[in-house]
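Everything numeric in this text was worked out from a predicted model, so none of it was measured. In what follows, every chain begins at residue 1, and chains take the letters A, B, ... in the order their sequences are listed.
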4 protein chains.
Amino acid sequence: MAVDRTAEVPARVRPGRPRSEQARAAVVRATSELLHEIGLRAMTTEQIAARSGVSKATIYKWWPNKYAVAIDAFLSEILADSPDPDTGSARRDFTLLLQGVCHFYTGSSGQVFAQLIGEAQFDRDVASELQDGLIQARRATLRAIWDRGVARGELRPDVDADIAIDLIIGPALYRLMIGHAGLDDAAAATIVDTAIRGLSV
Amino acid sequence: MAVDRTAEVPARVRPGRPRSEQARAAVVRATSELLHEIGLRAMTTEQIAARSGVSKATIYKWWPNKYAVAIDAFLSEILADSPDPDTGSARRDFTLLLQGVCHFYTGSSGQVFAQLIGEAQFDRDVASELQDGLIQARRATLRAIWDRGVARGELRPDVDADIAIDLIIGPALYRLMIGHAGLDDAAAATIVDTAIRGLSV
Amino acid sequence: MAVDRTAEVPARVRPGRPRSEQARAAVVRATSELLHEIGLRAMTTEQIAARSGVSKATIYKWWPNKYAVAIDAFLSEILADSPDPDTGSARRDFTLLLQGVCHFYTGSSGQVFAQLIGEAQFDRDVASELQDGLIQARRATLRAIWDRGVARGELRPDVDADIAIDLIIGPALYRLMIGHAGLDDAAAATIVDTAIRGLSV
Amino acid sequence: MAVDRTAEVPARVRPGRPRSEQARAAVVRATSELLHEIGLRAMTTEQIAARSGVSKATIYKWWPNKYAVAIDAFLSEILADSPDPDTGSARRDFTLLLQGVCHFYTGSSGQVFAQLIGEAQFDRDVASELQDGLIQARRATLRAIWDRGVARGELRPDVDADIAIDLIIGPALYRLMIGHAGLDDAAAATIVDTAIRGLSV
DNA sequence: CAATAATCGAGACGGTACGTCTTGTCTTGGC
DNA sequence: GCCAAGACAAGACGTACCGTCTCGATTATTG
């Protein structure tokens, strides 16, 4: 999210004082803490500045607003998210992955994620950053599981992959956003089982 | 949503000037317009007051904040939402219902709905109002379709109804909130088909 | 300086909550104190708000910036400034008036006045407010003394009144702004004596 | 105004890269332009740096702040200011000098001068720099005219020289700072005439 | 000719005030 | 008692400028 002015010519040394990595890290760390403690909306830029020891001007220099900082902070703390299990069984892969997602959803970061998705409804930038930074990666993993399952003959080759992925992930996100039902391991397993087996007799 | 102070003693005539129904209606109408024109977040209480000709004090007297007004306005404009088709086929019922939901999602009100769900991530009251005013009604309709299908032997009796409903609705809401794929009639039909038939060969 | 929306129709009662006189007075009082304690430049709007208990928004509603507040506060504390002595002698009148002005200049308010004149060099509004609120009144008093002196035959009728007034007041303001020499009673008397008698033998 | 670290040991050659005279001149020139174009207050250090091509760090190395630079720039452009006319008549000398001062006041540099005097009300350093760099020189010239006039018997030896000078210069500065009346040649002549002849009949 | 020392341009940074905006409460007089 | 008008306190927002700092590059004297 932060502007990366060195991206174009990474090898060339740019003139002037370089950006302080320490300041960047302090901002991200402070933001992470605040997100978990008081949430996205209650968190203010001033609080980030105060807790990180980085001035507001510097924060606004590198991020357009607190939501951009929040996304950076959020993404940096879920780097090792949803690894591809690849057990040899699509059903088991889907189950393990969705259980991981549900753990994430029900944990402290899940609240933050839900709030970011919520904020994305009002802010196109937040939406696209979330897309690029998290959604696509997760869908790619699911896509890999799907393709392997099709190749192994476990899954229907005539089903659109996007529909299949939505059938796995959709119910979980629905429960996260609406909160009408739980998201434990059993629920995750049941969702996968039912999606794979189908609703009809 | 609005506080109803006359509800307790409906027969008894209360002293003083009664609440102006005209004012209530004007507020709701103005809010509806604003929701579609500029969205939930950009809309301010002051704008509602200005457009409706109702003072801010009166608005705050009957609603706790602009989100409560928004929910009232939103619910009042989608009264005849998602009627139970009851065609005799669960698959056809699900398809028709989901297509209706998708029409709603992709229309102007869909944006408002997504924003309300978004706001619900930050405000417990918004969440519960949405639950009571819309989510439960829609789930009840789906539940009726499900129960009839099970009774007719079309659907698996061993599947939890909540899971089944989430499998139908979840993918649609997922697409609404994330926006990575479309929500046309064909997509709705495919979602229902795939959920009913299952992903495995 | 403050916007006076009732000025047009003072008798007519305007709708809505009337402006709080208490808030206005608290702002003016707090500003007066701050002007004397830390000066015009160091004083911040936030400090005025904090000390007066009036919110920043309210201050900005009635005054365009802190300089406008400062002028209001300054003028309100020097209302009974420079009364016309009218002793029957122009020389004595001028001396008494200029001594009063010098007392004012050398006192705590004199610093504030000098700073306002200083600020007027950067802000046309401050300049015109000072003109209207103070300079003109003082010049009018001097003009009255001058006219009486001319009528009594004490002063030269062929001298332009503005030049005469500038010859009395100019040296005092010069000393206030540049600070190269004192402004005690003796200095005031000497300035008047010399201006009246002239420099030539 | 600029810090001169070589002044102590002018003969001794100091090691290291010497100060760039080119940079100094560019800063002064850029500052002069900015003073006339946008004024003392609106001018920022950043603008001086950008226009001169000299870095902010270098500017702050040699001057404590933008006001010090402004005084340097201002003084450097009015070097040949107010030469002593010495015509043999004090009245004529005073008139010529004051007309020169009024030309200066009404010109573009006069605005800058007024702003510097204005700023001096808030900043003791600006005040003393102006004193030393301009005020004293001008008063010295006036003092010379005065002393010659007294020696020639044209002027009253019993009048304090400072009072006399203030009587000549004060009205002009008063008009510059307050702006209530013009400062053309006729006004300058009238001020001198009236001061010399006196106000009384 | 290398080592040393001071300068310079570029630009990031902490601090701080600014003036704006929105929220929800309150205070009038009119109905 | 309800209502329109609108003043008010609280406090977050994003911008601007100040003066300091940290880089690498440059330019002089000294050994």
Mind running a 4.0 Å heavy-atom check of residues 25-52 of chain C against DNA chain F and sending the residues that fall below it, in number order? none
To the nearest 0.5 Å, how far apart are CD in E129(D) and CG in D72(D)? 7.5 Å
Distance, rounded to the nearest Å, where [X] contributes [atom1] and [N] contributes [atom2]:
X: N65(C); N: dC18(E); atom1: CG; atom2: C1'; result: 10 Å
X: I59(A); N: dC13(E); atom1: CD1; atom2: P; result: 11 Å
X: R24(D); N: dC8(E); atom1: CZ; atom2: P; result: 12 Å
X: Q22(B); N: dC3(F); atom1: CD; atom2: C1'; result: 12 Å

Which sits closer to the 5' end of DNA chain E, G53(A) or E21(D), going by the nucleotide each is nearest to? E21(D)
Nearest to the side chain of [X], heavy atoms from C-beta on, is which of [options]?
X: P15(C); options: dC8(E), dA5(F), dA10(E); answer: dA5(F)
X: A57(D); options: dC17(F), dG11(E), dC2(F); answer: dG11(E)
X: Y60(B); options: dA12(F), dC17(F), dT25(E); answer: dT25(E)
X: K56(C); options: dC18(E), dA10(E), dC17(F); answer: dC18(E)
X: R17(C); options: dT20(E), dT7(E), dG6(F); answer: dG6(F)

Ignoring backbone atoms, establish whether [X] has a side-chain N or O less than 4.0 Å from OP1 or OP2 of [N].
X: T58(A); N: dG14(E); value: yes
X: W63(D); N: dG19(F); value: no
X: K61(B); N: dC3(F); value: no
X: W62(B); N: dC2(F); value: no

In sequence, state the C-alpha distance, the side-chain angles, and the governing distance for E119(B) and R41(A), and then conclude on salt bridge (charged side-chain N to carboxylate O under 4.0 Å, His left out). CA-CA 10 Å; E119(B) 190 61 31; R41(A) 209 60 157 274; 2.7 Å; yes
Would you call E37(C) and R51(C) a salt bridge, taking side-chain N to carboxylate O under 4.0 Å as the test? yes
With nearest nucleotide decided by heavy atoms, which residue, G16(A) or A23(B), maps closer to the 5′ end of DNA chain F? A23(B)
Nearest heavy-atom neighbours spanning A120(A) and L130(A): CB-CD1, 4.4 Å
Show the nearest heavy-atom pair for residues Y60(A) and N65(A), with the distance to one decimal. CE2-CA, 4.3 Å
Are R24(D) and W62(D) in a cation-pi contact, defined as NZ or CZ under 6.0 Å from the six-membered ring centre and within 45° of the axis? no
Is there a donor-acceptor pair closer than 3.5 Å between any side-chain N or O of Q121(D) and the backbone N or O of G118(C)? no
